[in-house]
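Just so we're on the same page: letters track the sequence lines, and every chain starts at 1. Below, all heavy atoms of this structure are taken into account, side chains as well, without hydrogens, waters or symmetry copies.
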Amino acid sequence: MMMSTQGTHFKRNIDEDAMAETEWVISLTEVNKWYGDFHVLKNINLNVSKGERIVVCGPSGSGKSTLIRCVNQLEQHQSGSIVVNGQPLNGNTKALEIVRKDVGMCFQDFNLFPHMTILENLTFAPIWARHMPRDEAISLAKRFLDRVNIAEQSGKYPGQLSGGQQQRAAIARSLCMSPTVMLFDEPTSALDPEMIKEVLDVMTELANDGMTMICVTHEMGFAKSVADRVIFMDGGEIVEQNTPDAFFDNPQVDRTQLFLSQILSH
Amino acid sequence: MTIIFQPAPDLTPPASKVGIFYWARTKLFNNLINSLFTLCGIAILITLTPPLLNWFLFDAVFIGTAETCREGQGACWSFVHAKIKLFLIGPYPMELVWRPITAAALLFGLFFATARHYLSSKKAVIGWMLLPLPIYWLIGGGFGLEVVDTSDWGGLLLTLVLAVAGILASVPIGIVLALGRTAKNTFIKVISVSIIELVRGVPLVTILFMATIMLPLFLPDGVEIGILYRVQFGIILFSSAYIAEVVRGGLQSIDSGQSEAAKALGLNQWMITALIVLPQALKIVIPPLIGRCIALLKDTSLVVVVGLLDFLGIAKAASQDAEWLGFDAEAFVFCAFIYWLLCFSLSRYGRSLEARGQNSH
C-alpha cells in the first residue's frame, strides 16, 4: 500500500496506516520549520512505533539534525504537530520537561559537563530531575558505566577521556534517565575512525535490547545491520524511506541514488 | 607468519645545559639588542638601588622624635610608629581596640582558611556570608557591647570594612544582574540593562556624592542612615554593575551545547543556570573578577571626597600634624605598602583558584 508522502513513490514493508495510532511513540504531522525566511523543514510526516530503529541520512543542510532536535524541542517547529509518547509538543513547558526526561539525546560533540567527574555527569540528572536518592543514583550510574565498558573512568573528568570514551559516557548519561526513545545526532562524526566502532557497538547493543531510536548518521554499515527503516532527507523533505535492504539495493529516487553513490564510493 | 612489532625502548633526553653563564648567554646577551637592554637594565639598577636602600633602610630613623628625623637623611619610620594607631583604626576609642583586633583576626583567619583551601567551598561560602554579622557587631557595638558610632571608624579599619562588605555584597548582586540581563522576561532585562549602563556611565565619585546626598531623599521621613552606610551602598552599586558585565562575558562564553545537553536530560532552566552554566562561567572569569575586587579595595580611597577618613585619607591627615610636618612621603609609602600587601594577597588567591580550577578540566 502506498502512502503519498511528499509526492514521491516508494515501496515499503512497513505499513504505517495499518498500525494503530496509539502505538506510535513519535508522530510528526505536516511539520514545517523556518529559520527566519529559510524553510528548513517542509511538510514532514513521520511516525515511529515502539522498538523501531530509524536511521536518517542525507547531505548536510538537509534538515536531518533539525528534525530530531524538533522531537525534543531544542528547536521549535512553527507549524504542524509533534506528539511524543502521547504528549503533544505545543509550548507547554511542564509537559515538555516530562517528555525530555523520557527522550534521551546524544550529540555530535558529546556535551559532557566538564566541571564534573564522569560519575557526577551520570548521576546529575537522576538526582536533580528525577529526585532519586544519591546512593541509588550512584549505583545506577555505575551499572550503566559498566554496560558501556568505561567503569574504570568514573572518577575522571571528561577532558581526561578519549573521544570514544566520552561519547560512550554521554550515551550512558542519557540512559541513566531510563528513556523510552533515544535520539542520536551524528554521534560518531567527531570521532577518530578507530573509536567509531566502540560507540557503534554500544548503539547496536542498545538497539538489540529493543530501544526505540532515531539516529542521524553517515555510518551506512550501522544502518544496514541495525535499522528497521532508513530515511533519506534532502532540502528539508523526506525524499525516500525504506527498509535497509530495499533502500541500499534498490533506491527509487535518483537523488537517493546520487547520494548513495557519493558516500558509498570510499 | 606475522612480524611482531616491538617498539624501541624510550631513551632519556640529553641533559640540558645548565650554569649561570649559559643562562646569561642565552637569556640576557644572546644578541646585540638584548645585550643593550640588559646593560641598560643593569645601569638603572645600579643607579637606583643604593639611594633607595639608603632612604628606606640605612639612613632611616626607626626610633626618635621629629627632630631626630629631620636631622637624618633617610625615611622617618618613627613617624609611622607614632601615628600607627591613627593609621590603623582612625579615631576609634583606644580602650576598645580589642574589638577591631578581634574582627581583623576573624577576617584574616577566614581568608587564610579559604585561601589554603582548608574549608570546603560550601563551608567557605557560608562562612563569608555570615562574616559581616560578627564584624559589624564587634566594631559597631550594640547587643551588649558599647556602641561606637560609624563616624569614629577610620583608617585601615574603615577601608577594610568598606572593601570586604563591598566585595561580599557586589559579587552576588553582580551575578544576579548578569543573569537578569540575559533573561527572557523583557521587564527584568530592561531593568538590569538600565542599572548596569547607568552606573557604568558615571564615575564612582559622582555615585558617592549622589548616595550621600540623594539617598536620604528616597527614605521615609525620620529614617536616617549614617553616612558610612550610604557610602557603602554607593560602592556596592558601582561594583555590582562592573561585575555583572564580567560575569555576562563568562556566561556568553559557555558553549550552548552545555545547556542543550542539560535540557535534553529534562532539567529546568533554574537548575541548568545554577548547576551547569554558572559554575563554568564563574571559573572562566576568575581573573577579571579578582581584578574587580582589587579595584574595589583601592576605590574605597575615594570616600575621602565625602568626608570619611579611610586609610589613605588618614595618612594624608596625619602627615599634616604640626609636630610631624614634612613626612608625607613616609605616610604614602607606608599606605602603598599596606595596599600592595592586601591586593597582592587577593591576586595570589585568584591564582590559586585558577590553578585548582585547571585540575578539573
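For A:Lys50, there are no salt bridge (charged side-chain N to carboxylate O under 4.0 Å, His left out) partners two or more places apart in sequence or in a different chain. B:Phe111 meets the ring pair (Phe, Tyr, Trp, His ring centres under 6.0 Å) test with B:Tyr349; sequence neighbours excluded. Residues satisfying the side chain to side chain donor-acceptor pair (under 3.5 Å) test with A:Thr180, not counting sequence neighbours, are A:Asn85.
The shortest heavy-atom contact between B:Ala261 and A:Phe107 is CA-CE1, 3.6 Å. A:Ala129 and B:Gly266 get closest at one heavy-atom pair: CB-O, 4.0 Å.
Looking at A:Ile98, there are no atoms closer than 4.5 Å to chain B (heavy atoms on both sides), in backbone or side chain. With a 4.5 angstrom heavy-atom cutoff, A:Phe113 touches chain B via backbone and side-chain atoms both. There is no contact between A:Arg130 and chain B, counting heavy-atom distances below 4.5 Å.
Atoms CD and CG, from B:Glu260 and A:Asp109 in turn, are 9.0 Å apart once rounded to the nearest 0.5 Å. Interatomic distance, A:Asn121 CG to B:Ile276 CD1, rounded to the nearest 0.5 Å: 7.5 Å.
Chain A is approached within less than 4.5 Å, heavy atom to heavy atom, by B:Asp255, B:Gly257, B:Gln258 from residues 242-258 of chain B, ordered by number.
Judged by distance alone, the side chain of A:His115 and the main-chain N or O of B:Leu275 form a donor-acceptor pair under 3.5 Å.
Within a 6.0 Å sphere centred on CD of A:Glu152, heavy atoms belonging to other residues, nucleotides or ligands number more than 12. Within a 6.0 Å sphere centred on CH2 of B:Trp128, other residues, nucleotides and ligands contribute more than 12 heavy atoms.
At a threshold of 4.5 Å between non-hydrogen side-chain atoms, the residues B:Leu265 and A:Lys101 do not count as touching. Contact check for B:Lys263 versus A:Asn72: no side-chain heavy atoms found under the 4.5 Å cut-off.
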Verdict with supporting geometry, B:Asn268 and A:Trp128, side-chain contact (heavy atoms from CB on, under 4.5 Å): CA-CA 9 Å; B:Asn268 66 36; A:Trp128 290 96; over 6 Å; no

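The greatest number of non-hydrogen atom pairs below 4.5 Å with chain B, out of A:Glu97, A:Met105, A:Gln73, A:Lys156, is found for A:Glu97.
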